[in-house]
Protein chains: 4
Amino acid sequence: MRKLPAKLASQLYGAAELIAERGLDGTKIDDIAEATGIPKATIYYHLDGKNGVLAFLLGDLLDLIAGEVGVAVSTEEDARTRLEAAVAAQLGVMVEHPFLCRALVGDLGRATRLPDLAEALRSAFYQPIEKLLSEGVADGSLRQVADPGAVAMSVFGAITVAGLSAAVEGSSTEASADAARFSAAICELILDGLATRRTRDDHESGERP
Amino acid sequence: MRKLPAKLASQLYGAAELIAERGLDGTKIDDIAEATGIPKATIYYHLDGKNGVLAFLLGDLLDLIAGEVGVAVSTEEDARTRLEAAVAAQLGVMVEHPFLCRALVGDLGRATRLPDLAEALRSAFYQPIEKLLSEGVADGSLRQVADPGAVAMSVFGAITVAGLSAAVEGSSTEASADAARFSAAICELILDGLATRRTRDDHESGERP
Amino acid sequence: MRKLPAKLASQLYGAAELIAERGLDGTKIDDIAEATGIPKATIYYHLDGKNGVLAFLLGDLLDLIAGEVGVAVSTEEDARTRLEAAVAAQLGVMVEHPFLCRALVGDLGRATRLPDLAEALRSAFYQPIEKLLSEGVADGSLRQVADPGAVAMSVFGAITVAGLSAAVEGSSTEASADAARFSAAICELILDGLATRRTRDDHESGERP
Amino acid sequence: MRKLPAKLASQLYGAAELIAERGLDGTKIDDIAEATGIPKATIYYHLDGKNGVLAFLLGDLLDLIAGEVGVAVSTEEDARTRLEAAVAAQLGVMVEHPFLCRALVGDLGRATRLPDLAEALRSAFYQPIEKLLSEGVADGSLRQVADPGAVAMSVFGAITVAGLSAAVEGSSTEASADAARFSAAICELILDGLATRRTRDDHESGERP
DNA sequence: CATGAATGAGCATTCATTCAT
DNA sequence: CATGAATGAATGCTCATTCAT
């Protein structure tokens, strides 16, 4: 379980698609070995078994997301703007690594059972959002909501599922465009909502002019 | 693959928790047999192997959701109101069948690979939302958005992930209260958005000089 | 294990081809049920399991052979002539029931392990030949050989293998012609031998003048 | 399906008796593993399942026979003499490997269904004989017969069945003596025939008035 | 360090057979 | 009598993992 050589690491990504398609349980170590060109025993030498492969791949992805999102979140802007940036960042990474994302979600059940991963997952995806929501309330850029936890979870869901969908269907050539489009759609949803404005304020009276 | 007797069907639900906790791959047929009291060979006589068990359980759940949501969506109200009802309906079912839901999501990757299920999933979860969004635009109760498909996917994500979270954590004794709380939070999010109203209006004008 | 109705018996022959092709072990009771149209449980009601099916089919074949050969052997002719008749009789039955024959031989190993069958086999195929050989010596129509047992076994082999080959390849439309041709060939071989006559007499002295 | 190490190969022969006695279907992989001392999984690592074991064992036997017969057939003698040598060679191998032979014949049906084996069987057993018969006609040492194919098949049957019988019953201590005795008996049969000479000559003229 | 070879432990699936109706 | 339904018992095969070189 030492730090694996860069070359192997890069080869290992060849397994992501396999795992995305078949799930980790449906992917045999032999398959991974064949797909990556790394001899089975060598994988064992460097990584801790099959779970190790998943952990490596996902750990990497999570680091990436955590990093990008972390940057997006650490600016001086107000929370709302940073939330937009965070959404864009997360989607950007997901769209750029579609196989890893699908592997992550496909084996989310298992991932949840790997303790380290569960925590990393939480801190990469969920916590930044939760934090932004509360900061937004503080700096006045976001509304106070009745149940912040539930809302944060929903926002997380909106981003993740949309990102996943983009990852599954997205043409790899237009990754960044896809990400931008989805990002805009999500921000529109979670910031402005779907209700027609006046109607919402006074459901009976009428639209804005 | 005949229609299994009601008694067996009910026994089979005893396997949902198992699958939810360990995933389908982590659940041995023997475990299922033991947990349900149905002899292994009898499971095979009625269902098509392990996948068959999952397919049966989830098929059932999806039918349930499709039904409840279908009812919620078929009223005479405006689309926005029906959307609220649909959210509540979906969350209601999810919270009431936490194990099935977790099993569904935990093995979502695999479920996706079972063709029938993939379609049922789509039509139970995603399509009603998509339809409501466009009907809302038509009846003026919901805003027109730039990318309806992406938004529908996000809404779907918001509901599902929140529902799942509720299903995982929710105390089974307060199921309906949980569902109501989550339902309200999600509706608040997807209808009104998170942006502070004034702030949002000013947002373009006032910020970065 | 009662005497099964004629109708079932005749249906049961539909299984012979199956068994011939796949062997008894390779043939599932369900296959037999499907091929014959007899419900699985009904087979069990009338016959004693899978072995029972084989026993029934082969028992029948063996009776047939024993009968035909018995008739051929019981004439007033000299032993040599009766041997020819026996060969023809055995081949005739084999060629007329190719599937049963192949089933018999294909599962000869197993058949040998069914005690009754082994004896029936021996008395249908081998013993008549052995008897004829010794009678031939007595009535002067056949030569005395050094090792009668070994010779009888060889004759049995010659007939059986040739018959089997005929059964496998033979066009079902020309069954009797095939049988006659093979019968003639075998008789030519076992009666006259292959050696050129003169040459044999004086193998040392020189080839044909 | 790699080339298995000599040690394993030799151990594997320990399975021949098992298979001879019970048939391949009646022999569990575990039995083979226990009898040979080779772990089950190791058998699978080197061979292609149960059929692979049979194929290996029989392939070996057939090579052996093909080799010995090949040598016997390749001398400068006339065809009749070489036929005698071939018979002796084939019987010699069969008697020396009684278990393999019984396994071969017991699972002949199955063997026939393994394509490679079927061909090897044909070329080891049948073809040399067929060839000798035609060469014998050419060099004058064997008679021309009406149906050479049928005769070759019968000769093949005579040798094989007798050999099998010898293999089954033969005391392993007198293997070569047995082989010689059977060999002589078979040659006597197939070369000189069973008909009494004079009688045969008279047969046409004198019999049934 | 890297890896080909070997294997222990596991398990889904099959199928002959039984039995209640 | 006949049979659809149910199941106990058996087993072939897989695969993650180890280890000697």
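All of these numbers come straight from a predicted model, not from anything done at the bench. Convention: sequence-line order gives letters A, B, ...; per-chain numbering from 1.
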Next item on the list: Report the distance from atom OH of Tyr45(A) to atom P of dA20(F), rounded to the nearest whole Å.
Entry: 15 Å
Checklist line | Integer-rounded Å distance: dC15(F) P and Asp31(A) CG | finding: 8 Å
Checklist line | Gap between atoms OH and P, on Tyr44(C) and dA6(F) respectively (whole Å) | finding: 18 Å
Checklist line | Spacing between Asp48(C) atom CG and dT17(E) atom P, to the nearest angstrom | finding: 8 Å
Check: Lys40(C) side chain to Ile29(C) main-chain N or O, any donor-acceptor pair under 3.5 Å?
Finding: no
Notebook entry, point to check: With both distances under 3.5 angstrom, what nucleotide forms a Watson-Crick or G-U wobble pair with dA20(E)?
Noted result: dT3(F)
Checklist line | Shortest side-chain distance from Pro5(D), nucleotide among dA2(E), dA6(E), dT13(E) | finding: dA6(E)
Next item on the list: Take atom CD of Gln11(D) as the centre, draw a 6.0 Å sphere, and report whether it contains more than 12 heavy atoms from other residues, nucleotides or ligands.
Entry: yes
Checklist line | Gap between atoms CD1 and P, on Ile38(D) and dA5(E) respectively (whole Å) | finding: 16 Å
Check: side chain to side chain contact (heavy atoms under 4.5 Å, CB included) with Val53(C): which of Thr36(C), Ile32(C), Asp48(C), Thr27(C)?
Finding: Ile32(C)
Notebook entry, point to check: Is there a donor and acceptor pair closer than 3.5 Å between the side chain of Lys40(C) and the base of dT17(E)?
Noted result: yes
Notebook entry, point to check: Who is the Watson-Crick or G-U wobble partner of dA9(E), with both distances under 3.5 Å?
Noted result: dT14(F)
Margin query: With a 4.0 Å cutoff (strictly under), does any side-chain N or O of Thr42(B) reach OP1 or OP2 of dA6(F)?
Written below: no
Item checked: Selected nucleotide, minimal atom distance to Ala41(C) side chain, candidates dA2(E), dT14(F), dG4(F) -> dG4(F)
Notebook entry, point to check: dC1(E) C1' sits how many Å from Leu8(A) CG, rounded?
Noted result: 11 Å
Margin query: Please compare Asp30(A) and Thr27(D) by the position of their nearest nucleotide in DNA chain F and report the one closer to 5'.
Written below: Thr27(D)
Margin query: In this structure, how many angstroms lie between the P atom of dT3(F) and the CG atom of Leu47(C), rounded?
Written below: 13 Å
Check: What is the distance, rounded to the nearest whole Å, between atom CD1 of Ile43(C) and atom C1' of dC15(E)?
Finding: 13 Å
Notebook entry, point to check: Looking only at heavy atoms, what is the nearest atom pair of Leu47(D) and Gly52(D), with distance?
Noted result: CD2-O, 3.9 Å
Notebook entry, point to check: Counting side-chain heavy atoms from CB outward, which of dT17(F), dA12(E), dC13(F) is closest to Lys28(B)?
Noted result: dA12(E)
Notebook entry, point to check: Between Leu64(C) and His97(C), which heavy-atom pair has the shortest distance, and what is it?
Noted result: CD2-NE2, 3.2 Å
Next item on the list: Consider the side chain of Ile29(A), meaning its heavy atoms from C-beta on, and name the nucleotide among dC1(E), dT17(F), dA12(E) that approaches it most closely.
Entry: dT17(F)
Notebook entry, point to check: Within the structure, does a side-chain N or O atom of His46(B) lie under 4.0 Å from either OP1 or OP2 of dA5(F)?
Noted result: no
